[in-house]
Amino acid sequence: MNLEETARKIRTMEIRGAGRIARAAANALYVHSMEEKTTDLVHYRKKMNEAADLLVSTRPTAVSLPNAVNLVMRPLKNESDFLSARQNLEKRALAFMKRSEEAVSRIGTIGARHIRDGDVVLTHCNSEAALACILMAHRQGMDIEVYATEVRPRNQGHITAKTLSDAGIKTNFIVDSAARYFMKEVDLCITGADAITVNGSVVNKIGTSQIALAAHEARVNFLVAAETYKFAPWTILGQRILIEERSSDEVIPAEMKNALPNVTVRNPTFDITPADYVDLIITEAGVYPPEMAYTVIKEQLHWDNEDMTSDLPYCEEE
Ligand code: RI2
């Protein structure tokens with residue numbers, strides 16, 4: 001898939017899920033680099049920067065996207081030779097995709113250790129990382145039951161319910177607003193994340209924070225499964241996570257909206273769960289309390305002072 005097609009599919013959510021969009025972006029940079037005919041480093045850098053800009057502009061919230069682009073583009077900052085810059089970039093793109101897949105699988109193994117035989121688990125939206133934990137626990141022979149929310153307006157819960165059902169896991173499919181009602185039957189909540197800030201707040205699908213609040217009230221543990229590249233380094237510098245607001249057409253049909261001239265339909269895609277409501281974050285590098293987000297950013301993303309003083313998320317133009 002080429003750059004433009006990848007960007008379009010991420011924008012329209014044909015490719016969705018924070019991990020998947022990160023891998024798709026890395027792949028698009030790889031393909032774009034392979035297709036680039038130039039042998040001039042300045043021109044190559046310019047073209048790759050434009051590609052990076054396009055990819056990063058597709059969806060504003062999932063930090064996995066600029067993190068993936070940044071990791072792939074890093075060689076362009078330092079290399080002074082076109083060929084090694086290009087080879088290095090392509091190598092990093094392939095490595096990112098491989099490491100990302102491995103991270104999800106490792107999160108599944110680590111996360112399954114937090115699930116007990118007989119547990120009832122609630123999950124929200126469709127997270128590869130959260131599902132990896134549930135599926136691994138099931139594969140290890142644990143008798144578990146899942147509550148999966150619908151996830152209005154895009155209904156990602158349908159995908160989750162299908163995946164769980166196909167795996168042979170007893171699943172209850174519920175509307176989003178029923179989460180608190182059923183919390184008394186739940187032993188553990190596990191969701192994914194689109195971004196984790198330096199203070200341990202978790203940005204995830206709209207409705208996550210309500211579920212975390214209900215879990216807190218019911219003394220039910222709330223776990224987040226997230227690859228380390230979901231942590232947002234720029235939040236150290238005070239940058240805020242922009243919450244994507246999508247079209248009202250996703251919520252009600254345009255003709256219905258037209259019949260309601262005094263009504264504004266709001267459609268935020270994500271919300272923020274404060275660290276106080278998160279018990280643990282399961283990453284491929286181990287399990288962290290949300291208060292250790294800074295450590296993850298520094299030690300796992302290798303975020304250094306040079307990066308921190310740069311305004312540019314990926315590479316510098318000459
Ligand atoms: P994985 C999704 O966003 C959901 O919010 C999900 O919890 C999160 O990405 C992480 O998903 P969207 O693309 O990376 O559906 O764990 O808006 O698959």
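For ligands, and for the atoms within them, numbers begin at 1 and follow the listed sequence.
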Practice problem: Would you mind listing which atoms of ligand 1 come within a distance below 4.0 Å of any non-hydrogen atom of D194? | Solution: 2 (C), 3 (O), 4 (C), 5 (O), 6 (C), 8 (C), 9 (O)
Quiz item: So, S84 versus E79: side-chain donor-acceptor pair below 3.5 Å or not?
Solution: yes
Exercise. Measure C125 to ligand 1 on non-hydrogen atoms and call it side chain, backbone, both or neither using the 4.0 Å cut-off.
Key: side chain
Quiz item: Distance only, no hydrogens: is a donor on one side chain within 3.5 Å (strictly under) of an acceptor on the other, for R23 and S100?
Solution: yes
Quiz item: With a 4.0 Å cut-off on heavy atoms, is M13 touching ligand 1?
Solution: yes
Quiz item: Which atoms of ligand 1 have any heavy atom of A129 under 4.0 Å away?
Solution: 16 (O)
Quiz item: R16 heavy atoms, cut-off 4.0 Å: which ligand 1 atoms fall inside?
Solution: 2 (C), 12 (P), 13 (O), 15 (O)
Quiz item: Among the heavy atoms of T191, does any lie under 4.0 Å from an atom of ligand 1?
Solution: no
Practice problem: Provide the number and element of each atom of ligand 1 under 4.0 Å from a heavy atom of R59. | Solution: 12 (P), 13 (O), 17 (O)
Quiz item: Does a side chain donor of either S33 or Y44 reach within less than 3.5 Å of an acceptor in the other side chain?
Solution: yes
Self-check item: ligand 1 atoms in contact with G17 (distance to a heavy atom under 4.0 Å)
Solution: 2 (C), 9 (O), 12 (P), 13 (O)
Quiz item: Does the separation of the ring centres of H43 and F82 fall below 6.0 angstrom?
Solution: no
Quiz item: Under 3.5 Å between some N or O of ligand 1 and some N or O of K230?
Solution: yes
Quiz prompt | Which residue and heavy atom of the protein sit nearest atom 7 (O) of ligand 1, plus the separation | solution = N204 OD1, 2.6 Å
Quiz item: Closest non-hydrogen protein atom to atom 17 (O) of ligand 1, residue and atom name please, with distance?
Solution: K205 NZ, 2.6 Å
Exercise. May I ask you to identify the nearest protein heavy atom to atom 14 (O) of ligand 1, giving residue, atom name and distance to one decimal place in Å?
Key: G19 N, 2.7 Å
Quiz item: What do the steps show when you test R99 against E227 for salt bridge (Lys or Arg N to Asp or Glu O under 4.0 Å), and what is the final call?
Solution: CA-CA 10 Å; R99 278 211 317 273; E227 303 88 309; over 6 Å; no
Quiz item: Would you say T269 has any N or O atom under 3.5 Å from an N or O of ligand 1, going by distance alone?
Solution: no
Self-check item: atom 16 (O) of ligand 1: nearest protein contact (heavy atom, Å)
Solution: S127 OG, 2.7 Å
Quiz item: Would one find an N or O of E128, backbone or side chain, under 3.5 Å from an N or O of ligand 1?
Solution: yes
Quiz item: Knowing that exactly one of R16, K205, Q156 qualifies, which makes a side chain to side chain donor-acceptor pair (under 3.5 Å) with N126?
Solution: R16
Self-check item: Test log, rule salt bridge (Lys or Arg N to Asp or Glu O under 4.0 Å), inputs E36 and R86
Solution: CA-CA 10 Å; E36 186 51 58; R86 178 183 178 159; over 6 Å; no
Practice problem: Starting at CG of D194, measure out to CD1 of I241 and round the result to the nearest 0.5 Å. | Solution: 10.0 Å
Quiz item: For R154, is the nearest heavy atom under 4.0 Å from an atom of ligand 1?
Solution: no
Quiz item: Backbone, side chain, both or neither: what part of A193 comes under 4.0 angstrom of ligand 1, heavy atoms only?
Solution: backbone
Self-check item: Ion pair E284/R106, N-O distance below 4.0 Å
Solution: no
Exercise. State the atoms of ligand 1, each with its element, that fall below the 4.0 Å cut-off from a heavy-atom position in F270.
Key: 3 (O), 5 (O), 17 (O)
Quiz item: Taking atom types as modelled and ignoring hydrogens, do the side chains of S248 and N267 form a donor-acceptor contact shorter than 3.5 angstrom?
Solution: no
Quiz item: Ring centroid separation for F182 and Y147, is it under 6.0 angstrom?
Solution: yes
